[in-house]
Protein chains: 2
Amino acid sequence: MVEHGAGAESSGGSGSARAKRPTMADVAARVGVSRALVSLVFRNEPGASKETRERVLRAAEELGYRPDNAARLLARTRSMVLGVMINIRNAFHADLVEAIYAEAERLGYEVLLSALGPARNERRVVESLLGHRCEALILLGPNAEDAYLAELGAHTPTVVVGRRVPANGVDSIHTAENKGMRQAVDHLVGLGHRAIVHIDGGDGPGSAERRRAYRAAMRDLGLQDEIRVLPGDHTEESGEKAGDTLLGDARLPTAVLAGNDRCAMGLMHALSRAGVGVPQDVSVVGYDDSHIAHLSRINLTTVRQDAEQMAQLAVRSAVERLDDHRLPSRELILDARLVVRGTTAPPRGHASAL
Amino acid sequence: MVEHGAGAESSGGSGSARAKRPTMADVAARVGVSRALVSLVFRNEPGASKETRERVLRAAEELGYRPDNAARLLARTRSMVLGVMINIRNAFHADLVEAIYAEAERLGYEVLLSALGPARNERRVVESLLGHRCEALILLGPNAEDAYLAELGAHTPTVVVGRRVPANGVDSIHTAENKGMRQAVDHLVGLGHRAIVHIDGGDGPGSAERRRAYRAAMRDLGLQDEIRVLPGDHTEESGEKAGDTLLGDARLPTAVLAGNDRCAMGLMHALSRAGVGVPQDVSVVGYDDSHIAHLSRINLTTVRQDAEQMAQLAVRSAVERLDDHRLPSRELILDARLVVRGTTAPPRGHASAL
DNA sequence: AGCAGCGACTAGAGCGCGCTAGAAGTACGG
DNA sequence: CCGTACTTCTAGCGCGCTCTAGTCGCTGCT
């Protein structure tokens, strides 16, 4: 590592001592009006003449004044801030966050992001969000148990994205997992697959439903003897591990339904490491359609969830619940749709049907 | 879309009306002590007996009290909050953020995240961060011009990650782009490549240095006639576009140095769409070694930047600058190292050397 | 002339907390 | 008995802002 000192002393525009942050009072004093008036101007409220408005803004600019959100939050009855919990490793969450920002802005809300991490569990993230006066929480793919979410929902409007939450007081938005899984199984069976394994998403959002849907679909198609669920979760690592498990077996399945896209990525990593071709030897289906899935290096067949719509609904639900605290909790279920790309094909030795 | 009403009225633990958030005064009243004492307890400061400490904590628990960060920030002289600007689409930023959280916690700082987006430019993100009383800023891969960063740095400790910033008062942390690029070019030339194109990162962080290093390396190796730089930026789209440009030409280059990993991904997308094999027909090198690069579906040869170390240095720089405002600005340059994976190979028809 | 109505502005009380100065209680030595 | 030291606790101001309830001067209407 190399270190370059700049040599020169840090020179601010405002002299050597880093000036204390200017406040509303400073602006007011400079213009010769009351603080309240400056407040009006910055909140874009009526009650100030066009001329004073300009003078205030000019003075603020000169002083480098910037409204202090902490104080604003404190003083306001409403904070107009939505807290969003994300898994920063999850590309699908990135899609959601972008849409959340957009919708929140449209409705006049600010967004505070807090990410999960190795040393930051869901409770810590939520604490942090709540500590910053978020009025409502939007949790992307939480793993927490229903009881905890219910408790949260009891005192803070809470919206869960990606999973069903039976708890009262908590809205949930997710796709129709059963439809998505059913389409995936149908697709594979249509291609001629029978040995179709499912890698479970553990306690990840939507996993229980996906597992159930997988089992139901297999049974419906007369493949109950082929049902096989491998433990896993929604990370690349679990996909890789499941892949290794499969590779250790005598016979590989011809197709795998991963718990989500990330899991599918890990799985393909393991398979390709072992020289197993996708889709020549094994077909793989993901779940999410995160924006990396369509990159053709990956080109993953997956179940599409509409991030933009989910995000919009999440924000709107939170806001509606904020406007009327006594709303009954809702469960919004969006359609899921299989997107067929390049990781699925007829099993080896199977004459293409029709 | 289906909507399920829960039917039952939202039932909180605390009755039907969503109780106002309890404050320190509520806790104090319940225990029968002063607010100041409760404050002591929650700040873990000496001055309260073990017994009262417990009573206070118990009462807080019962009331569901949670310290209000907005008020805390306002009252405290120091806020102990670091603001971090990220591009949520960038997997390398995810790596950085995780490490930033860890290091910040170690040093007793909180972290506030704010993401760039289609409708959120860098200035907006910075405003938002500053408005929430962040004491210092860590900007991951900013595009903003130096003058703006200098202005920022003049009144707020600012650390830029991923790019050189000549501005006084701004620390910058980046890798030795010249070394990284040089290694990449050496590697390709060693494999027998001569027609090596570089896709530029536009005004993205580090791009200017990478471009310069590419040119220098090519010249040094006697390949000045093969120098070719395609415009681009640090997104998948730009890689795809550059790929299309190349595909439109009479002759493809045998190797491409992308501006970063995302650009490389887009490029490979375009190539593979056109039936061009990587690395059989074209070798591709990325830059970042974000955690998706090593997934073997991608298996990208790339220049590794040590996210953890960069993040740690960023946080420490910010904190040191916070402790002593008059520190000269520094530029920390980390080593870069080429990681050879599966997207580079000898050009077609080239007998492997030695 | 009298007064309601309006636009432009201000005084001042909070919001929930941190923090300084100091009070009250206990302990000990002289 | 007082002085000193220490622990445990409290009073109350201030952080930068919002917001309610005004004041003030002016117009327009009866």
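We name chains A, B, ... by the order of the sequence lines, and we start the count at 1 in each one. The analysis underlying the following values was restricted to heavy atoms, covering all of them including side chains, and did not include hydrogens, waters or symmetry mates. From a predicted model like this one, the values you see are computed outputs, not experimental measurements.
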(message) Rounded to whole Å, please give me the gap between NE2 in A:His132 and P in C:dC17.
(response) 14 Å

Produce the list of close N/O pairs, under 3.5 Å, pairing protein atoms with atoms of nucleotides 19-27 of chain D; give distances to one decimal.
residue, atom, partner, partner atom, Å
D:dC19, OP2, A:Arg43, NH1, 2.8

(message) From CZ of B:Phe42 over to P of C:dC19, roughly how many Å is that when rounded to an integer?
(response) 16 Å

(message) Nearest 0.5 Å, please: how far is CG in B:Leu73 from CG in A:Asn69?
(response) 10.5 Å

(message) Please pick, from C:dG18, C:dC9, D:dC9, the nucleotide with the shortest atom-to-atom distance to any side-chain atom of A:Ser49.
(response) C:dC9

(request) Let me know, please, whether B:Val33 or B:Arg133 comes out on the 5' side of the other along DNA chain D by nearest nucleotide. (result) B:Val33

(message) Please report the distance, rounded to the nearest Å, between CG in A:Leu40 and P in D:dC17.
(response) 14 Å

(message) Using a strict threshold of under 4.0 Å (side-chain N to carboxylate O), is an ion pair present between A:Glu98 and B:Arg89?
(response) yes

(message) Measure CG/B:Leu63 against C1'/C:dG16 and give the value in whole Å, please.
(response) 15 Å

(request) Tell me what B:Pro67 touches on the nucleic acid: a base, only sugar-phosphate, or nothing, going by heavy atoms under 4.0 Å. (result) sugar-phosphate

(message) At less than 4.0 Å, is any side-chain N or O atom of B:Thr52 found next to OP1 or OP2 of D:dC9? Yes or no.
(response) yes

(message) So that I can tick it off, tell me whether A:Arg164 and A:Asp146 are bridged by a salt bridge, with the cut-off set at under 4.0 angstrom between side-chain N and carboxylate O.
(response) no

(message) Measuring to OP1 and OP2 of C:dG16, would you say a side-chain N or O of B:Thr23 lies under 4.0 angstrom away?
(response) no

(message) Looking at B:Arg123 and B:Glu145, is there a salt bridge between them, counting it only when a charged N and a carboxylate O are closer than 4.0 Å?
(response) yes

(message) I'd like to know if A:Arg163 pairs up with A:Glu331 as an ion pair, taking the criterion as any Lys NZ or Arg NE/NH1/NH2 lying under 4.0 Å from an Asp or Glu carboxylate oxygen.
(response) no

(message) Whether A:Glu62 and A:Arg30 form a salt bridge (side-chain N of Lys/Arg under 4.0 Å from carboxylate O of Asp/Glu) is what I want to check.
(response) yes

(request) Could you state the atom-to-atom distance from CG of A:Leu37 to P of C:dG7 in whole Å? (result) 15 Å

(message) I need the CE-C1' distance between B:Met24 and C:dC19, as an integer number of Å.
(response) 12 Å

(message) Salt bridge or not between B:Glu61 and B:Arg58? Use side-chain N to carboxylate O under 4.0 Å.
(response) no

(request) Provide, to the nearest angstrom, the distance between the CZ atom belonging to A:Arg53 and the C1' atom belonging to C:dA8. (result) 11 Å

(request) Choose from C:dG18, D:dG16, D:dT10 the nucleotide whose nearest atom is closest to any side-chain atom of B:Arg72. (result) C:dG18

(message) Using whole Å, what does the distance between atom P of nucleotide D:dC15 and atom CG of A:Asp26 come to?
(response) 11 Å

